[in-house]
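Have a look at the structure below before the remarks.
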Protein chains: 2
Amino acid sequence: MSKRSVYKRKIIKHFYFGRSYSSTELSLLLNKSIPFTTGVLGEMVEDGVIEEIGYADSRGGRRPQMYGLKADLLNIVAVSIDQINTNIAMFDLHNEMVHPKKNIEFKLSNTDYNDLVQITNHIENYIENTGIDPDKILGIGISMPGFVDVNKGVNHTFLKSAHGSIVDYIEDRIGLPVLIDNDSSLIALSELRFGAARDKMNVMVLNLSWGVGLGMILKGEIFRGSNGYAGEFSHIPLFDNNKLCQCGKSGCLETETSLLVLVQKAIEQIEEGKLSLIKDISESDLETAVNKIMNAAKRGDRVAINLLSDIGYTIGRGVAILIHLLNPEMIILSGRGAEAGRLWVAPIQQALNEHCIPKISEGIKLEISNLGYEAGLIGAAALVMEKYDSLSKFEKRIKVVQK
Amino acid sequence: MSKRSVYKRKIIKHFYFGRSYSSTELSLLLNKSIPFTTGVLGEMVEDGVIEEIGYADSRGGRRPQMYGLKADLLNIVAVSIDQINTNIAMFDLHNEMVHPKKNIEFKLSNTDYNDLVQITNHIENYIENTGIDPDKILGIGISMPGFVDVNKGVNHTFLKSAHGSIVDYIEDRIGLPVLIDNDSSLIALSELRFGAARDKMNVMVLNLSWGVGLGMILKGEIFRGSNGYAGEFSHIPLFDNNKLCQCGKSGCLETETSLLVLVQKAIEQIEEGKLSLIKDISESDLETAVNKIMNAAKRGDRVAINLLSDIGYTIGRGVAILIHLLNPEMIILSGRGAEAGRLWVAPIQQALNEHCIPKISEGIKLEISNLGYEAGLIGAAALVMEKYDSLSKFEKRIKVVQK
DNA sequence: TAAAACTTCTTAAAATTATAAAAAAGATTC
DNA sequence: GAATCTTTTTTATAATTTTAAGAAGTTTTA
């Protein structure tokens with residue numbers, strides 16, 4: 001691969017994450033001279049990869065020519081899998097969804113090989129339905145919970161097939177580059193590239209869901225640890241409570257903060273006869289139960305608010321640990337539970353005030369994501385572009401960037 | 001600064017940390033072509049910066065010419081400050097101590113400006129006593145406990161002078177580049193460059209001392225967080241014990257693991273009448289008390305061993321948190337308490353077995369440092385070289401590397 | 001034991017990339 | 001409103017760095 005084409009890939013990546021740049025700005029980002037950058041940009045315009053998108057405002061001199069990616073040059077398939085739902089969507093290079101996302105209800109089992117076959121079928125069908133030429137698809141990004149070994153393309157928790165790598169299987173069947181990563185890390189990636197963590201160096205992104213996931217941004221990059229297992233926030237041993245966690249240990253943070261615990265405690269309190277707006281909930285339909293509790297809290301129900309506060313405070317104690325160990329500049333509440341995030345800010349902040357050395361916690365921003373429910377899908381698409389300039393599997397894909 | 005001289009600095013840094021390289025190896029490390037690297041190396045030999053040190057064994061072809069730094073080209077002053085002792089030493093480029101280290105008993109107060117003056121005097125005298133020409137000194141590296149803001153050169157815990165930056169003060173007085181960093185981070189740095197963490201990517205280095213410090217190696221580099229406060233392991237809120245910590249909060253890990261707690265518990269148990277080899281200890285002379293307990297443990301005293309085990313187990317619980325969050329490949333026990341480290345390996349390992357998800361803790365190595373007592377000084381010297389290729393304050397110092 | 005294979009080192013030509021100066025376009029100032 | 005200052009872009013020239021090919025040593029293999 002020629003050096004020039006390496007720079008072209010980097011330029012495409014910058015444009016994807018940053019929208020538009022002038023020649024001068026890019027030369028700074030690439031650490032190359034302006035004449036060189038201008039030359040490369042010229043070639044890319046000729047090849048139809050990027051286009052001139054007008055002039056930016058002057059900052060005291062000649063107005064800079066701005067460049068941007070041609071949105072329809074390439075597409076990216078994003079797949080977001082969780083325990084009960086799988087979503088598939090197609091994005092263009094401006095990060096717009098170009099085909100309606102498809103939601104599949106799909107209970108993820110731990111070991112069934114058939115699950116993998118099913119999901120691959122769905123992806124295959126979805127791509128066909130979009131009518132987009134596979135030659136115009138850069139790759140497929142997949143977000144899923146569990147212990148994901150990024151390099152081997154294996155998930156040690158879900159879709160464990162005897163047939164080895166998930167990535168290899170899907171690549172073989174569909175013939176496109178496939179990348180997988182853990183859902184919390186990808187939510188952090190979307191916050192880093194498109195959300196509140198943009199241009200930040202050290203940020204902790206909490207993925208509020210059935211458990212509390214953690215995506216870490218350290219030194220301006222997603223941190224994954226030596227095997228990709230970093231961020232197991234749910235399972236830090238924080239309590240002497242003898243409550244068994246689904247991971248097999250006891251005392252995990254999750255044993256006091258999961259939404260399951262929330263529902264259990266709510267049922268307990270209602271049975272004790274406390275007055276509450278919460279009605280008719282049971283452990284057998286958690287999703288509905290959680291929604292009812294959340295809604296009650298939003299309407300000011302004391303019981304619901306107190307329950308959420310307790311959990312928030314406990315999460316906050318965990319966050320205090322993160323702050324002491326990693327000294328981040330920002331905490332972001334993201335994931336599907338972030339909508340109710342506002343309810344949690346106060347108790348978390350309270351826990352931070354009580355458990356942090358002031359010097360280390362002062363100035364830390366506690367923010368709620370505005371990427372919302374889509375963060376997982378955006379992260380899956382971003383994963384593909386994130387690796388575009390470094391993985392060899394992209395080398396032969398897009399002709400225009402090969403010289 | 002010319003580009004070529006940037007590469008020369010990088011080469012010097014590589015040699016300092018790696019001893020000797022061939023032209024081919026260096027060209028790989030620098031990402032430059034072999035002819036270019038050979039050319040630069042030739043110039044550096046001519047300038048007397050490096051020398052040819054013979055041929056390495058062949059690996060199936062012509063034997064490579066090896067190069068190494070001239071040890072006496074430059075010297076580095078290392079200063080290691082802790083709460084009761086300050087050590088100063090002079091190193092050469094082969095990391096050998098070229099002048100006997102000087103130990104100064106010196107109780108570090110929190111705010112006394114005079115402390116800073118005193119320490120600077122000592123450094124000044126020490127350099128004079130070595131008889132080494134200041135023009136042959138690259139810089140001064142300082143290791144100290146507390147909240148160190150590396151960029152501002154300020155310590156928010158010790159030597160807080162109204163006169164601003166510690167670094168600026170010493171640089172003004174001595175006229176040499178000065179760098180400071182937190183002791184635990186520097187111990188981690190010496191492990192990374194010269195110890196068990198060499199070539200490792202993600203390692204947690206515990207600095208066993210009066211508290212338990214933590215130096216983190218993430219992605220092959222020391223991690224310091226956004227303000228340099230990362231690694232406050234001692235003060236993670238882990239207990240509901242209502243014991244007040246010196247940091248002002250309660251429930252910190254330190255409230256159950258500090259050597260002070262060790263002594264208090266020992267006294268308690270002896271007063272209760274337990275049979276033990278430990279005799280005549282009191283809280284007024286902690287250093288002696290700790291030594292007596294350690295020695296008793298080494299001779300097999302049950303009381304001492306149990307006390308250390310309890311503390312080790314508690315530290316292990318903290319380490320389990322580190323493992324879940326950061327997924328390191330290795331844990332190193334270092335610092336002055338590492339000698340007794342062997343006594344702690346078993347209880348720490350025990351805690352890891354009980355509190356870690358097997359998938360994430362399997363394969364993690366738990367090692368005892370072999371850098372020993374000197375780790376702090378070595379780290380302080382290494383700090384200077386670590387920053388040599390990136391800080392402008394070194395630009396004008398060494399003439400031979402300026403072209 | 002000689003040929004093959006392989007690694008290192010050297011050289012000169014080729015390609016890449018940067019520098020510097022000037023031109024273009026717009027903002028600011030007096 | 002002309003002169004001056006800025007920033008961006010272009011161009012030509014200069015410097016840097018790589019490529020490619022071959023020479024020089026060593027080990028491996030036949």
Side-chain angles (χ1 to χ4, degrees), chain A residues 1-15 18-47 49-68 389 395 400-403, chain B residues 1-12 14-15 18-47 49-68 389 395 401-403:
Chain A
M1 195 166 51
S2 86
K3 262 194 150 181
R4 209 173 180 84
S5 96
V6 173
Y7 285 116
K8 287 185 182 171
R9 273 150 216 268
K10 286 192 180 171
I11 288 174
I12 290 179
K13 188 170 157 181
H14 277 300
F15 277 130
R19 280 285 186 279
S20 71
Y21 290 108
S22 73
S23 180
T24 312
E25 286 169 329
L26 265 176
S27 94
L28 239 57
L29 288 170
L30 297 175
N31 264 312
K32 296 273 107 184
S33 73
I34 293 174
F36 174 77
T37 312
T38 314
V40 173
L41 285 175
E43 270 179 38
M44 292 174 80
V45 170
E46 235 170 59
D47 291 340
V49 178
I50 60 174
E51 55 192 350
E52 303 183 337
I53 54 172
Y55 297 92
D57 284 347
S58 160
R59 280 167 287 179
R62 181 169 170 172
R63 296 167 62 190
Q65 174 65 258
M66 300 305 280
Y67 299 85
D389 61 340
E395 261 179 39
V400 279
V401 200
Q402 264 169 50
K403 58 180 175 185
Chain B
M1 192 166 54
S2 87
K3 261 195 153 179
R4 207 173 181 86
S5 97
V6 173
Y7 285 115
K8 287 185 181 172
R9 273 150 216 266
K10 286 192 179 170
I11 289 172
I12 290 178
H14 277 300
F15 277 130
R19 279 285 186 278
S20 72
Y21 290 108
S22 72
S23 180
T24 311
E25 287 169 329
L26 265 176
S27 93
L28 240 56
L29 288 170
L30 297 174
N31 265 313
K32 296 270 109 184
S33 73
I34 293 174
F36 173 79
T37 312
T38 315
V40 173
L41 285 174
E43 270 179 36
M44 291 175 80
V45 170
E46 235 171 57
D47 292 340
V49 178
I50 60 174
E51 55 193 351
E52 303 181 338
I53 55 172
Y55 296 91
D57 285 347
S58 160
R59 281 166 287 178
R62 182 169 169 171
R63 295 169 62 192
Q65 175 65 260
M66 301 303 282
Y67 299 85
D389 63 338
E395 262 179 40
V401 201
Q402 265 169 48
K403 58 179 174 185

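Convention: sequence-line order gives letters A, B, ...; per-chain numbering from 1.
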With rounding to the nearest 0.5 Å, note down the distance linking CZ in Arg4(B) to CZ in Arg9(B).
14.5 Å
Which is the 5'-most and which the 3'-most nucleotide of DNA chain D that has an atom under 4.0 Å from a heavy atom of chain A?
dT6(D) to dT11(D)
Go through residues 30-40 of chain A and report each residue with a non-hydrogen atom lying under 4.0 Å from DNA chain C, sorted by number.
Lys32(A), Ser33(A), Pro35(A), Phe36(A)
Applying side chain to side chain contact (heavy atoms under 4.5 Å, CB included) to Ser20(B) and not counting sequence neighbours gives Ile53(B), Met66(B)
Mind checking Ser23(B) for me? I need base, sugar-phosphate or nothing, with any heavy atom below 4.0 Å counting as a touch.
sugar-phosphate
Over all heavy atoms of both residues, which pair between Lys8(A) and Asp47(A) is shortest? Give the atoms and the distance, please.
NZ-OD2, 4.1 Å
side-chain hydrogen bond (donor to acceptor under 3.5 Å, both in side chains) partners of residues 31-42 of chain B, not counting sequence neighbours, each pair once
Tyr7(B)-Lys32(B), Ser23(B)-Thr38(B)
In degrees, rounded to 10°, what is the bend between the two ends of the helix from dT1(C)-dA30(D) to dC30(C)-dG1(D), using five pairs at each?
20°
Let me confirm one number: the CG-CG distance from Leu41(A) to Leu26(A), rounded to the nearest 0.5 Å.
5.5 Å
Taking only residues two or more places apart in sequence, or in another chain, which ones meet Leu28(A) in a side chain to side chain contact (heavy atoms under 4.5 Å, CB included)?
none
5′-ward residue of the pair Gly61(B)/Met66(B) relative to DNA chain C
Gly61(B)
With sequence neighbours left out, write down each residue that passes salt bridge (Lys or Arg N to Asp or Glu O under 4.0 Å) with Lys13(A), or none if nothing qualifies.
Asp389(A)
Between Ile11(A) and Tyr67(A), does the side chain to side chain contact (heavy atoms under 4.5 Å, CB included) criterion hold? Intermediate values first, please.
CA-CA 10 Å; Ile11(A) 288 174; Tyr67(A) 299 85; over 6 Å; no
Residues passing the side chain to side chain contact (heavy atoms under 4.5 Å, CB included) test with Arg62(B), sequence neighbours excluded, are none
Can you classify the ring geometry of His14(B) versus Tyr21(B) as parallel (below 30°), tilted (30 to 60°) or perpendicular (above 60°)?
perpendicular
Shortest non-hydrogen contact from Arg63(B) toward Ala56(B):
NE-O, 3.2 Å
Check side-chain hydrogen bond (donor to acceptor under 3.5 Å, both in side chains) between Lys10(A) and all other residues, then give those that pass, not counting sequence neighbours.
none
Positional range of nucleotides in DNA chain C within the contact set of chain B, heavy-atom, under 4.0 Å
dC6(C) to dT11(C)
Under the 3.5 angstrom rule, does the side chain of Glu43(A) hit a backbone N or O of Val40(A) as a donor-acceptor pair?
no
